[in-house]
Novice: 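Below: one structure in structure tokens.
FYI, side chains are in, hydrogens and waters are out, and symmetry mates aren't considered; it's all heavy atoms of this structure. Order of the sequence lines sets the chain letters (A, B, ...), proteins ahead of strands, with each chain counted from 1.
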There are 2 protein chains.
Amino acid sequence: MAGPAHPYGLYREFDRELGRVWRIGQASLYARMKRAEEEGLATVEVAETEGAPDRRVHRITAAGKERFLAWMGGPSERVRDIRLEFLSRLYFFRRLGLDGLEDAVSLQKSALASRIAALESGIAGAARSRDEYWRLVLEFRRSEAKAVVAWLDVCIATNGRKV
Amino acid sequence: MAGPAHPYGLYREFDRELGRVWRIGQASLYARMKRAEEEGLATVEVAETEGAPDRRVHRITAAGKERFLAWMGGPSERVRDIRLEFLSRLYFFRRLGLDGLEDAVSLQKSALASRIAALESGIAGAARSRDEYWRLVLEFRRSEAKAVVAWLDVCIATNGRKV
DNA sequence: TGGCGGCTATTCACGATGTGAATAGCCCAT
DNA sequence: ATGGGCTATTCACATCGTGAATAGCCGCCA
């Protein structure tokens, strides 16, 4: 996405930057990139180097770009995935200088809004049926979801300030 | 802990109740109970039944009880684990009629308090060094941690009301 | 000059973990 | 009598991540 890359180099970069959020092992990144190739999301070309082992240089395909951008734009379905996914998206938005962060934020916020609405109806139901435990569980989830919404607002504000 | 149990029966119970929080497959529960036996946390006795296959009845040992109670009391180190762990603890506190929930809550709260303090010093540092991304990441984590603290207060209040 | 440590780059073998399906006997309904 | 469903356990397999192995080349220091 930011030009051709080989796993080793990408790992060095990620380990310093994205690695603070999304810890990924070297061998794991190799496996993912190999899989991306098998799925036709990237093409691989072996490039010779001077005084170093050959590199398996990966180039993203149209299908790969599409998949990546869909992932960048789309909201995370599960609240617990936002921690990893949205913070990673944020990293890529900044790293690649992409725009559309505002859209991604609003999409995620509206996904969270319906999630919260569902949780609140569940909470009301649990309260009605005196299911204290279930009510607490749902309140936990609502609390988390609301915290993410509040953070997304901070996120937009910060980004707006920068632009 | 609530008397002897065999995996199949325990699964039926968990699947209905705890399963709403901690989804665990049947084969997975079997594996865990087998491992508990291997680690000396439970003893197993094969019991014959009338018109049904034999049961591998598990009985918790002293070591197992100790381990379980330590887990019940101790806070989750990572905020993201609280979702699963603390809600499971809450389930067992209620299911087994144990007391000590207040202690577990305060322990978790103080663990979160130091976590939040560390995050805030990190946020200040990131702000100083103009590392916007890292600041947002840390603010995300603080936001989550604070939401859990707020929920823990609700949790205590609810439980207090019941007693 | 010789060899040792460290860097680039990739691969491999393994362990943990979870899941669907297989197995097998028994009961009940049609 | 027989097919479906329940109790109960096990198996084989896919996924996923990790540490270590491999291998060539470079620079450093004795």
Side-chain angles (χ1 to χ4, degrees), chain A residues 2-39 41-60 67 71 76-78 80-81 83-85 87-88, chain B residues 2-59 67 71 76-78 80-81 83-85 87-88:
Chain A
H6 62 296
Y8 186 83
L10 211 51
Y11 174 74
R12 306 243 73 187
E13 184 186 328
F14 279 3
D15 195 40
R16 268 183 293 111
E17 301 179 7
L18 181 58
R20 296 185 293 182
V21 167
W22 188 5
R23 190 138 329 247
I24 185 168
Q26 205 172 4
S28 211
L29 182 59
Y30 271 89
R32 276 176 187 256
M33 290 179 78
K34 185 171 194 173
R35 188 144 158 263
E37 188 203 349
E38 286 163 1
E39 290 180 17
L41 306 175
T43 57
V44 172
E45 196 178 339
V46 176
E48 293 176 18
T49 60
E50 302 167 11
D54 292 352
R55 294 173 172 176
R56 294 180 55 84
V57 176
H58 292 243
R59 271 184 188 77
I60 196 165
R67 177 84 78 86
W71 178 78
S76 303
E77 291 305 325
R78 291 176 308 185
R80 63 169 165 278
D81 291 338
R83 187 189 191 92
L84 243 169
E85 288 199 342
L87 290 176
S88 298
Chain B
H6 62 295
Y8 185 85
L10 210 50
Y11 175 74
R12 306 242 73 188
E13 185 186 328
F14 278 3
D15 195 40
R16 268 183 294 113
E17 302 180 6
L18 181 58
R20 296 184 294 182
V21 167
W22 188 5
R23 191 141 325 249
I24 184 168
Q26 205 172 6
S28 211
L29 182 60
Y30 271 89
R32 276 175 187 258
M33 291 180 77
K34 185 172 195 172
R35 187 145 157 261
E37 188 203 349
E38 286 163 0
E39 291 179 17
L41 305 175
T43 56
V44 172
E45 197 178 338
V46 176
E48 294 174 17
T49 60
E50 301 166 12
D54 292 352
R55 294 172 172 177
R56 293 179 57 84
V57 177
H58 292 243
R59 273 183 187 78
R67 177 86 75 89
W71 178 79
S76 302
E77 291 304 324
R78 291 176 307 185
R80 63 169 165 277
D81 291 338
R83 187 190 190 92
L84 242 169
E85 288 199 342
L87 290 175
S88 297

Novice: Check whether any side-chain heavy atom of B:Leu10 lies under 4.5 Å from a side-chain heavy atom of B:His58, and answer yes or no.
Specialist: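 The answer is no; the side chains never approach within 4.5 Å.
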
Novice: Between C1' on C:dG18 and CZ on B:Arg23, what's the gap in Å once rounded to a whole number?
Specialist: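 Going from B:Arg23 (CZ) to C:dG18 (C1'), I get 14 Å.
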
Novice: For B:Arg32, which contact category applies under a 4.0 Å heavy-atom criterion: base, sugar-phosphate, or nothing?
Specialist: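 Sugar-phosphate contact only.
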
Novice: Do A:Glu37 and A:Arg56 touch side chain to side chain, with heavy atoms closer than 4.5 Å?
Specialist: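 In short, these two side chains touch, coming nearer than 4.5 Å.
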
Novice: For A:Gln26 and B:Pro53, find the nucleotide of DNA chain C closest to each by heavy atoms; which residue's nucleotide sits nearer the 5' end?
Specialist: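 The residue whose closest nucleotide sits nearer the 5' end is A:Gln26.
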
Novice: Side chains of B:Arg67 and B:Glu39: closer than 4.5 Å at any heavy-atom pair?
Specialist: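 A side-chain contact exists here, since the closest heavy-atom pair is under 4.5 Å.
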
Novice: Just the endpoints, please: which first and last nucleotides of DNA chain D, 5' to 3', lie under 4.0 Å from a heavy atom of chain A?
Specialist: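 Boundary nucleotides touching chain A, in 5' to 3' order, are D:dG17 to D:dC25.
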
Novice: If I take atom CG from residue B:Leu18 and atom CZ from residue B:Arg23, how far apart are they, to the nearest 0.5 angstrom?
Specialist: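 Going from the CG atom of B:Leu18 to the CZ atom of B:Arg23 covers 10.0 Å.
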
Novice: Across the strands shown, which category fits B:Arg12 at heavy-atom distances under 4.0 angstrom: base, sugar-phosphate, nothing?
Specialist: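 It contacts sugar-phosphate atoms only.
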
Novice: Between A:Glu85 and A:Trp22, does the side chain to side chain contact (heavy atoms under 4.5 Å, CB included) criterion hold? Intermediate values first, please.
Specialist: CA-CA 9 Å; A:Glu85 288 199 342; A:Trp22 188 5; over 6 Å; no

Novice: With DNA chain D as reference, determine whether A:Leu29 or B:Val57 sits nearer its 5' end, using the nearest nucleotide of each.
Specialist: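 Taking each residue's closest nucleotide, the earlier one in sequence belongs to B:Val57.
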
Novice: C:dG18 C1' sits how many Å from B:Trp22 CH2, rounded?
Specialist: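 Nearest whole value for this atom pair: 13 Å.
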
Novice: For B:Ala27 and for B:Arg35, find the nucleotide of DNA chain C with the closest heavy atom, then tell me which residue's nucleotide is more 5'.
Specialist: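 This one resolves to B:Arg35.
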
Novice: Measure from NZ on A:Lys34 to C1' on C:dC12 and round the result to the nearest Å.
Specialist: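 For the pair A:Lys34 NZ and C:dC12 C1', the rounded distance is 10 Å.
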
Novice: Which heavy atom of B:Val21 sits nearest a heavy atom of B:Leu84, and at what distance?
Specialist: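 Minimum heavy-atom contact is O-CD2, 4.2 Å.
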
